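Indexing begins at 1, ligand by ligand and atom by atom, following the structure's order. This chain uses plain numbering: 1 for the first residue, then up along the sequence. Remember, predicted model here, so these are calculated numbers, not experimental data.
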Amino acid sequence: MSRFEEAVKLYGDLGVDVEKALDTLKSVPVSIHCWQGDDVIGFDSKEALSGGIQTTGNYPGKATTPEELMADLDKALSLMPGKKKLNLHASYAIIDDGADRDSIEPKHFAKWVEFAKAHDMGLDFNPTYFSHPMVKDGLTLSSPDDEVRAFWVKHGQACIRIAEYFADETGVPCVMNIWIPDGYKDIPADRLGPRARFKDSLDKILSIPYDKTKVYITLESKVFGIGVESYTVGSAEFTLSYSTKNGLTPLMDNGHYHPTEVVSDKIPALLLFSDKIALHVTRPVRWDSDHVVLFDDETKEIAKEIVRNDALDRVFIATDYFDASINRLSAWVTGVRSVQKALLFALLQPNAKLKALQDAGNMTEVMVLSEEMKSAPFGDVWAEYLKRQGVENDYLTVIKDYEQKVLVNR
Ligand code: RNT
Ligand code: ZN
């Protein structure tokens, strides 16, 4: 018996169908953020990163042109198993006609559509409300300046049109996520006004017609950012209430909560009130540091909540992290594989049995069995998955080779 066959038997004895798990895993899309490849800079303005988010590190070889970013993505994607989508930010527009964020059009993303089609992927999208001169005093959609708000409303509307174009071209619905960095470093005198203006701006953005079967608009909350420590306009309560009331999809980034709060616990709560929910999977280390996602406990818990609540088709899973201190392709592949490993791990749990034990009040057995599952031969099943997907377990050799041939020459 091979190691995989032995694993199938062992999991089978626990009532887990390994073949079914492998089959399910390969059809779960993970939306890969393009911004790991260039430290969240983009191509439209090349301004320094703003909005209270930061990349640290200066590892050689970062992509600085669309061609470089696409080449890096092409290599990284080839090392990731499973179904993928590509998640773009508006700042990755390829502009040769002077268009600004309030006037970008589908044509500025034609090359990305071509890239997505060549990789048989859908596209997701994000308006970019940071790293731009029209961010005034750190504010965008909540600014007291009418002109600033109007500019960013137009940006949001332009992005909806681009999102619909992505869906039309790829045949895959597009998730368009709105996140704004607006907030205050120190205690504000008015906490209601900025939120009222943000609400009004969102109403205006959403007043243009779009096909809700093609574009899912998500709203991402946040607790604080660097330089925006005291007050965040798009707080959890604001975004959740707005989403639920207006038919948007709430998005939770697991770096955007207080350190002892966990998104895994919030998933089932939201699933009871929203048809779809969305996630940014990241790894916060002491703050919203956006470290590369690992196969760690909370990532596994997040995956478990999706899988055991039968919500794989209701949760949009996207990655969101940026590390500039290590090889960026390796960061991409490690993070995305970690998400996929967590999903496989969740699919390999005896979920029905564990639920029954809990309902019978047998928490002792829940603990013992959950612990036992941690040392089940997960690795052998993962290795088989990679083999069936035609992807090598060792991605570092390929990436190091690419680093020597391509990245160091930049
Ligand atoms: C910032 C949010 C947001 C960004 C991306 C680049 O804290 O997480 O999602 O990371 O839009
Ligand atoms: Zn995020």
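Across Ser230 and Asp186, no two heavy atoms sit closer than the pair OG-CA, 3.2 Å. Of all heavy-atom pairs between Tyr321 and Thr282, the closest is CB-OG1, 3.8 Å.
For a threshold of 3.5 Å applied to N or O pairs, the pair formed by Asn126 and ligand 1 contains no separation below that value. Considering backbone and side-chain atoms alike, Asp290 places every N or O at 3.5 Å or more from each N or O of ligand 1. Where the criterion is an N or O separation shorter than 3.5 Å, residue side chain and backbone included, His89 meets it with respect to ligand 1.
Looking only at its N/O/S atoms, Asp320 has OD2 as the one nearest to the Zn ion (ligand 2). As for His280, its N/O/S atom nearest the Zn ion (ligand 2) is the one called ND1. Of all N/O/S atoms in Asp253, OD2 sits nearest the Zn ion (ligand 2). The name of the N, O or S atom in Glu220 nearest to the Zn ion (ligand 2) is OE2.
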message = Working note: Phe151 + His132, criterion ring pair (Phe, Tyr, Trp, His ring centres under 6.0 Å); need CA distance, chi angles, decisive distance, verdict.
response = CA-CA 11 Å; Phe151 177 89; His132 190 280; 5.2 Å; yes
request  = Could you check Asp182 against Tyr129 for side-chain hydrogen bond (donor to acceptor under 3.5 Å, both in side chains), going step by step and ending with a plain yes or no?
outcome  = CA-CA 9 Å; Asp182 300 32; Tyr129 291 105; over 6 Å; no
query = Does the side-chain contact (heavy atoms from CB on, under 4.5 Å) test come out yes or no for Ile277 and Phe316, once each step is laid out?
reply = CA-CA 6 Å; Ile277 67 168; Phe316 298 117; over 6 Å; no
request  = Step by step, work out the side-chain hydrogen bond (donor to acceptor under 3.5 Å, both in side chains) result for His33 and Thr319.
outcome  = CA-CA 6 Å; His33 60 309; Thr319 48; 2.8 Å; yes
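Tyr242 and Asp203 form a side-chain donor-acceptor contact under 3.5 Å, judged by distance and modelled atom types alone.
Classified by interplanar angle (parallel below 30°, tilted 30° to 60°, perpendicular above 60°), the ring pair Trp112/Phe115 is perpendicular.
Residue contacts with ligand 1: Asp253 is included, with a non-hydrogen atom under 4.0 Å away. Taking a 4.0 Å cut-off on heavy atoms, His256 registers as neighbouring ligand 1.
Residue-ligand proximity, Ile53 to ligand 1, at heavy-atom distances under 4.0 Å covers atoms 1 (C), 7 (O). Residue contact check: His280 has heavy atoms under 4.0 Å from atoms 9 (O) of ligand 1. Set against the non-hydrogen atoms of Phe322, the atoms of ligand 1 under 4.0 Å away are 10 (O).
If you look at Trp179 and His89, their ring centroids are not closer than 6.0 Å.
Ranking the protein heavy atoms by distance from atom 10 (O) of ligand 1 puts Asp320 OD2, 2.8 Å first. Of all protein heavy atoms, the one closest to atom 7 (O) of ligand 1 is Lys222 NZ, 2.7 Å. If you check which protein heavy atom lies closest to atom 9 (O) of ligand 1, you get Glu220 OE1, 2.8 Å.
Under 4.0 Å is where a charged nitrogen must lie from a carboxylate oxygen, and between Glu114 and Lys117 no such pair does.
By the 6.0 Å and 45° rule, Lys300 stacks over the aromatic ring of Phe295.
The Zn ion (ligand 2) has no N, O or S atom of His256 closer than 2.8 Å.
Contact annotation: for Asp288 versus ligand 1, heavy atoms closer than 4.0 Å belong to the side chain alone.
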